[in-house]
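Notes to accompany the following structure.
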There are 2 protein chains.
Amino acid sequence: MHTDPGTSSSPSSREKILDVAEALFAAQGFAGVSLADVAARVGLGKSSLFHHFPGKVSLYAEVSERVIERIIQRLQPAFEASGPATERLDRMIEGLCDALAEHAPAARLLLRSLFEDHLFAPEDEPTLAPVEALVAKVTGLAAELLRDGIARGEFREVSVPDAVQTVIGAVVYHYASGEVGEKILGGPIFSAESVARRRREVTTFIHTALVASPAPGKA
Amino acid sequence: MHTDPGTSSSPSSREKILDVAEALFAAQGFAGVSLADVAARVGLGKSSLFHHFPGKVSLYAEVSERVIERIIQRLQPAFEASGPATERLDRMIEGLCDALAEHAPAARLLLRSLFEDHLFAPEDEPTLAPVEALVAKVTGLAAELLRDGIARGEFREVSVPDAVQTVIGAVVYHYASGEVGEKILGGPIFSAESVARRRREVTTFIHTALVASPAPGKA
DNA sequence: GTCTATACGATGATAGAC
DNA sequence: GTCTATCATCGTATAGAC
């Protein structure tokens, strides 16, 4: 793909830029980040960034791409497995939890990428297309998993698109909720105990919602 | 509270500004919005805005405040009712769905307000405090509802804070998901049919997750 | 209450030396 | 590849006329 001389090297400027930009974009959004700030934190002059990326949009796109690719890597096992859908579902949610918990900026960046559509000009679309493709890929695989589970009779007959949306929201939001989330929790979000508890709770929550027969007290 | 001469009048400049700003903040985030853009869309000069609001942060805070107050109004009945917790839960989720579906910018603005913490200076905190207070109030009431349901034996013994987080994510995210969500749905988010289906699906999802006895296939 | 004019810093991006 | 200018533009905010 890109300039990749030797598959690995001591963290190139390129990767340092991506790391710094990722943290900043997650915290402040696309419009809220200045390239001067990025450059300063990397230890470069502002102009040096343009040697690595043609512009701000391109940098943002590559940051997003990298985040989603990391998540997909984590989900691959769940999608490729062939056991019961219930087990694959649990693995999918756990994989997503792990990916988001391991890399704090990921969740915010992910949700932000949904919101910041209107910020880009039409001519930026080619630059952002790969990101959209990756998102479409992973949501498609999740939908497939749910459809399969329903077909096998393992899940209730829910609206698959709505269930996908619910799962995304239930899992991703938590790791993006920041101070509000920590106020609700009464403690940190990314501590080891909190991450473990969250993984268990949200997996059981979704599992129960999909597997159980139509709720007793409900028409 | 503010300048409220007569409780009602033909839409004052003030309210028009709030409406326009709300749409823009939801679409482009705090940093992505220029006051010039707001002024232009209202039909005012840029400087005229400062006659109604002392600054950008203040405008943003009031927009957010208004959105959350609208939501709380919708949730009031659910919180004040005294029937079974299962019924109050359903009413709460439906109320939240209605509030978010009725006012398209609300969900994005709400989630954005969680993300944009780091954008503000310490001296802006007093301005933003009322918003935080309202969020804390509504999440507190939701937690109370869940605790009561567990105490009555109507709900599973879940972690209440995690369940609150899950509910927020499951419900709010959907209405903020924009193009990605519409791609998953294969249709619009805010159409009447879509809104009705969503309300039913997500209410049943959460209701089932909380009410059902621990999932069969699960340890 | 709204306008014009303006101050003044920060922004993304470019050019060219080293 | 990194740097030092430099550019044109746009940002919030202020002052003062109408």
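What you see below is based on every heavy atom in this structure, not just the backbone, and it leaves out hydrogens, waters and symmetry mates. So that the names make sense, note that chain A is the first sequence line, chain B the second, and so on, each numbered from 1.
Across all strands, A:Val42 comes closer than 4.0 Å to no nucleic acid atom at all (heavy-atom distances). At the heavy-atom level, A:Ser34 lies under 4.0 Å from the strands shown only through sugar-phosphate atoms. B:Val33 comes within 4.0 angstrom of the backbone, heavy atoms only, and of no base.
Computed from coordinates, the A:Asp37 CG to C:dA13 P distance equals 15 Å when rounded to whole Å. The distance from atom CZ of B:Phe50 to atom P of D:dA13 is 5 Å, rounded to the nearest whole Å. Atom CG of A:Leu119 is separated from atom C1' of D:dG11 by 15 Å (rounded to the nearest Å). Distance NE2 (B:His51) to C1' (D:dC18): 12 Å, rounded to an integer number of Å. Atom CG of B:Leu35 is separated from atom P of D:dT12 by 4 Å (rounded to the nearest Å). Across the protein-nucleic acid pair, B:Glu15 atom CD and C:dG1 atom P stand 13 Å apart, rounded to whole Å. Distance CG (A:Leu49) to C1' (D:dG1): 12 Å, rounded to an integer number of Å. One interatomic measurement links the two molecules: CG of A:Leu59 to P of C:dG12, which rounds to 11 Å at whole-angstrom precision.
A:Phe79 has its side chain out of reach of A:Glu144: every pair of non-hydrogen atoms, C-beta onward, lies at least 4.5 Å apart. Two residues are said to be in side-chain contact when any heavy atoms from C-beta on lie closer than 4.5 Å; A:Arg41 and A:Leu24 meet this criterion. A heavy-atom distance below 4.5 Å is not found between the side chains of A:Thr166 and B:Glu201.
Ring-centre distance between A:Phe30 and A:Tyr60: below the 6.0 Å cut-off.
Closest to the side chain of B:Ser47, from the set C:dT4, C:dT11, D:dG11, is C:dT4. Of the candidate nucleotides D:dC3, C:dT11, C:dT2, C:dT2 has the atom lying nearest to any side-chain atom of B:Leu44. In the set D:dT2, C:dT14, D:dT12, the nucleotide with an atom closest to the side chain of B:Lys56 is D:dT12. Residue A:Ser13 places its side chain closer to D:dT2 than to any other of C:dG12, D:dT2, C:dT2.
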Evaluate the criterion side chain to side chain donor-acceptor pair (under 3.5 Å) for residue pair A:Ser191 and A:Arg197; output intermediate values, then yes/no.
CA-CA 10 Å; A:Ser191 73; A:Arg197 186 204 61 247; over 6 Å; no

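Judged purely by atom type and a 3.5 angstrom limit, A:Arg112 uses its side chain to pair as donor or acceptor with the backbone of A:Ala26.
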Polar atom pairs between nucleotides 6-9 of chain D and protein, under 3.5 Å, N or O only, would you list them?
none

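In this structure, A:Glu102 does not pair ionically with A:Arg70, as no charged nitrogen and carboxylate oxygen lie closer than 4.0 Å. One finds no salt bridge joining B:Asp98 and B:Arg91 here, because no Lys/Arg side-chain nitrogen approaches an Asp/Glu carboxylate oxygen to under 4.0 Å.
OP1 or OP2 of C:dG1 has not a single side-chain nitrogen or oxygen of B:Ser48 nearer than 4.0 Å.
Residues of residues 19-30 of chain B having a heavy atom closer than 4.0 Å to DNA chain D: none are found.
For residues 124-141 of chain B, there are no salt bridge (Lys or Arg N to Asp or Glu O under 4.0 Å) pairs, not counting sequence neighbours.
Summarising the geometry, atom CD1 belonging to B:Ile184 is positioned 10.0 Å from atom CG belonging to A:Asp162; distances are rounded to the nearest 0.5 Å.
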